[in-house]
Structure formats: structure tokens, C-alpha cells
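Whatever order the structure lists ligands and atoms in, that order sets their numbers, starting from 1. These values consider heavy atoms only, across backbone and side chains, with no hydrogens, waters or symmetry-generated copies. What you see is a predicted model; the values in this text were computed from it and never measured.
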Amino acid sequence: MKISDVTCAHCGALYLLAESASVDSSPVDGPTGNEACTICGKTFASRSDGKLRAFRFVMSPAARSARAPISP
Ligand SMILES: [Zn+2]
């Protein structure tokens, strides 16, 4: 399984993507199509290429920007 992070191009929300290639020719179970962003609702990734993918929401764009200044 391959793990990588994906950022929504529309709002900047951060997701973790777990991707596993299908080992046989049978169609993967689970829904296929476009993955909609939890924050902005727009499509930020598609999973129509036969690979099984799981997205986990990590951080909202507001939380990412709030992390920038480090307060004591
Ligand atoms: Zn988004």
C-alpha cells in the first residue's frame, strides 16, 4: 500500500491517501468516481482508474493557516 498526502486544489484542505493497486483483474469493490472535499464539497481527486483508494481527512485549511504562528 502506498501512502501519500493530497491537498485539495480548491480550498487547501489536507488529506491522507492510501492507495493499493488491484492484484487481480476483478473489479475492485467499493464506490468509484470522484472524491468530494469535506470542506468545500468540490472534487479534488478521482478514483476511476481501477485502483482502490482511501482518503482520510487530516486538516482543514483554517487549521493549516492557524499553525503558522507559534505562540509561547
Ligand atoms: Zn476543498
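Looking at every heavy atom in both residues, N34 comes nearest to T43 through CB-CG2, 3.3 Å.
Draw a line from the Zn ion (ligand 1) to SG of C8 and another to SG of C40, and the angle between them is 110° (to 10°). For the pair SG of C11 and SG of C37, the angle at the Zn ion (ligand 1) is about 100°; rounding is to 10 degrees.
With a 4.5 Å cut-off on side-chain heavy atoms, P61 and I39 count as touching.
Counting backbone and side-chain atoms alike, H10 contributes no N/O/S atom closer than 2.8 Å to the Zn ion (ligand 1).
Annotation: the span from T7 atom OG1 to L14 atom CG amounts to 5.0 Å, rounded to 0.5 Å.
F44 and Y15 have parallel rings, their planes meeting at less than 30° on a 0 to 90° scale where 60° marks the start of perpendicular.
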